[in-house]
Number of protein chains: 2
Amino acid sequence: MPIALRPIQALRLWQQVCLAEVRNDMPDLSERQIAILLTIYLDPPPHTVRGLAERLKVTKPVITRALDTMGALKLVSRHRDDHDRRNVLIRRTVEGALFVERFGDVIVARAEELPL
Amino acid sequence: MPIALRPIQALRLWQQVCLAEVRNDMPDLSERQIAILLTIYLDPPPHTVRGLAERLKVTKPVITRALDTMGALKLVSRHRDDHDRRNVLIRRTVEGALFVERFGDVIVARAEELPL
DNA sequence: CGAATTCGTTTCGGTCCCGTATCATTAAGC
DNA sequence: GCTTAATGATACGGGACCGAAACGAATTCG
């Protein structure tokens, strides 16, 4: 059975989750940054700048800058690939894993209290 | 019956929706902007700068700036309150309503194709 | 009336992000 | 070896945003 959501419930869920994030002073990430962060944490590695740029259909500097910012927030880290030293491998961090895990819990909690 | 989502499904849903928005060249809104936009479209009017600032627990300039940007995108509009001309009433627009409606449909569509 | 309060905006110095173009480094092809 | 290609980062001018403080306009209070 697929997840059945009506549009008004979907929008209400999105609102409640975003409100919760803002009110709890979480980093104010853009949709691009969230797409990158969740892709790194949900899709199987390895992750490269080029791969992420293709997956999001954006240019490489967009990925580089997002990694700069999220790296400063300790949500991701970068390391040179020893097999092909042109590559940069993007890796998860403990802080990032905790952030993503907590974020998932927030969504679940808000989904549970949605009106029908 | 409440909406039952497991954390991994919730995160996957968020990722798929953000990926869809980015890939479709939608405006790259931040969580703050989305929280403001959805509050305007889901909560009953009237909406004021002060009211939104309190609801999000942010300062008023944050709201003013977000309204500047989303106003340029035609997603919301501002009008002086004739009863108390200090107030600015934030109103919905046709473009904004279409954007929000489409966004809700994207969430629903991605929820339906979630793996169990 | 004048003073105090409220509302939204603006200013300030600073940071982040944009798209485009170019860069250095590394690897692969000949 | 030398040239070509690929990868990620950087420079550029411009725009958006930050928090804190000050601002003008409108209202309320005394």
Side-chain angles (χ1 to χ4, degrees), chain A residues 18-19 21-37 39-40 45-91 96 99, chain B residues 18-19 21-37 39-40 45-91 96 99:
Chain A
C18 287
L19 274 177
E21 292 295 295
V22 173
R23 292 166 72 91
N24 284 101
D25 265 319
M26 291 293 127
D28 186 33
L29 302 180
S30 68
E31 284 188 324
R32 285 179 173 188
Q33 292 172 324
I34 295 173
I36 294 170
L37 183 68
T39 295
I40 293 169
H47 298 288
T48 63
V49 173
R50 173 160 190 77
L52 290 170
E54 285 173 354
R55 186 128 167 70
L56 275 73
K57 288 209 287 196
V58 296
T59 59
K60 289 188 293 180
V62 167
I63 304 296
T64 294
R65 282 187 291 254
L67 294 179
D68 287 344
T69 301
M70 293 194 294
L73 293 171
K74 311 267 191 194
L75 297 177
V76 298
S77 66
R78 281 187 272 204
H79 307 271
R80 278 283 164 197
D81 181 355
D82 280 332
H83 295 23
D84 182 343
R85 298 190 57 75
R86 289 173 302 182
N87 287 335
V88 164
L89 302 179
I90 296 108
R91 293 218 291 254
F99 178 88
Chain B
C18 287
L19 274 177
E21 293 295 295
V22 173
R23 292 165 71 88
N24 284 100
D25 265 319
M26 291 293 129
D28 186 33
L29 303 179
S30 67
E31 283 188 325
R32 286 180 171 189
Q33 292 171 325
I34 294 173
I36 294 170
L37 184 68
T39 296
I40 292 169
H47 298 288
T48 64
V49 172
R50 174 161 188 75
L52 291 170
E54 285 173 354
R55 188 128 165 70
L56 275 73
K57 289 209 286 194
V58 296
T59 60
K60 290 187 293 178
V62 167
I63 305 295
T64 294
R65 282 186 291 253
L67 294 179
D68 286 345
T69 301
M70 294 195 292
L73 294 171
K74 311 269 192 194
L75 297 178
V76 298
S77 66
R78 281 187 273 205
H79 307 271
R80 277 283 163 197
D81 181 355
D82 280 332
H83 294 23
D84 182 342
R85 299 190 55 76
R86 288 173 302 183
N87 287 335
V88 163
L89 302 179
I90 296 107
R91 293 219 291 256
F99 178 87

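Below, chain A is the first sequence line, B the second, and so on; all start at residue 1. Bear in mind that the values here come from a model prediction, so they are computed numbers and not experimental data.
- To the nearest angstrom, P of D/dA6 lies 8 Å from CZ of A/R50.
- To the nearest 0.5 Å, atoms OG1 (B/T64) and CZ (B/R78) are separated by 6.0 Å.
- We find that CG of A/N87 is positioned 19 Å from P of D/dA5, with the value rounded to whole Å.
- Within the 4.5 Å cutoff, the side chain of A/V22 has no heavy atoms near those of the A/L19 side chain.
- A distance-only check finds no donor-acceptor pair linking the side chain of A/R32 to the backbone of B/D28 [under 3.5 Å].
- Remark: P of C/dG8 and CG of B/D68 are 14 Å apart, rounded to the nearest angstrom.
- Counted within 6.0 Å of NE2 on A/H83, heavy atoms from surrounding residues, nucleotides or ligands total 12 or fewer; the atom is thus considered open.
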Could you list the protein-to-nucleotides 18-20 of chain C atom pairs, N/O on both sides, closer than 3.5 Å?
residue : atom : partner : partner atom : Å
C/dC18  : OP1  : A/R32   : NH1          : 2.4
C/dC18  : OP2  : A/R65   : NE           : 3.1
C/dG19  : OP1  : A/R32   : NH2          : 3.1
C/dG19  : N7   : A/R65   : NH2          : 3.1
C/dG19  : O6   : A/R65   : NH1          : 3.2

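- The NZ atom of B/K60 lies 12.5 Å from the CZ atom of B/R65; values are rounded to the nearest 0.5 Å.
- For A/K60 and C/dA21, the NZ to P distance is 14 Å, given to the nearest whole Å.
- A donor-acceptor pair under 3.5 Å is absent between the side-chain atoms of A/E54 and the main chain of A/G51, judged by distance alone.
- Put simply, the side chain of B/L37 reaches to within 4.5 Å of the side chain of B/V76, judged on heavy atoms.
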Nucleotide-resolved protein contact map, nucleotides 22-30 of chain C, B/S/- at heavy-atom distance under 4.0 Å: ----BS---
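- Between the B/N24 side chain and the B/M26 main chain, no donor and acceptor come within less than 3.5 Å of each other.
- Of the possible donor and acceptor atoms, one in the side chain of A/R80 sits under 3.5 Å from a partner among the backbone N and O of A/R85.
- Taking atom CG of residue B/L52 and atom P of nucleotide C/dC7, one finds them 13 Å apart after rounding to whole Å.
- For the pair A/R91 CZ and D/dG8 P, the interatomic distance rounds to 15 Å; values are reported in whole Å.
- Close to C/dT9, at under 4.0 Å from its OP1 or OP2, lies a side-chain N or O of B/T64.
- The separation between A/M70 atom CE and C/dT15 atom P is 21 Å, rounded to whole Å.
- As a whole-Å value, the separation of A/L67 CG from C/dC16 C1' is 14 Å.
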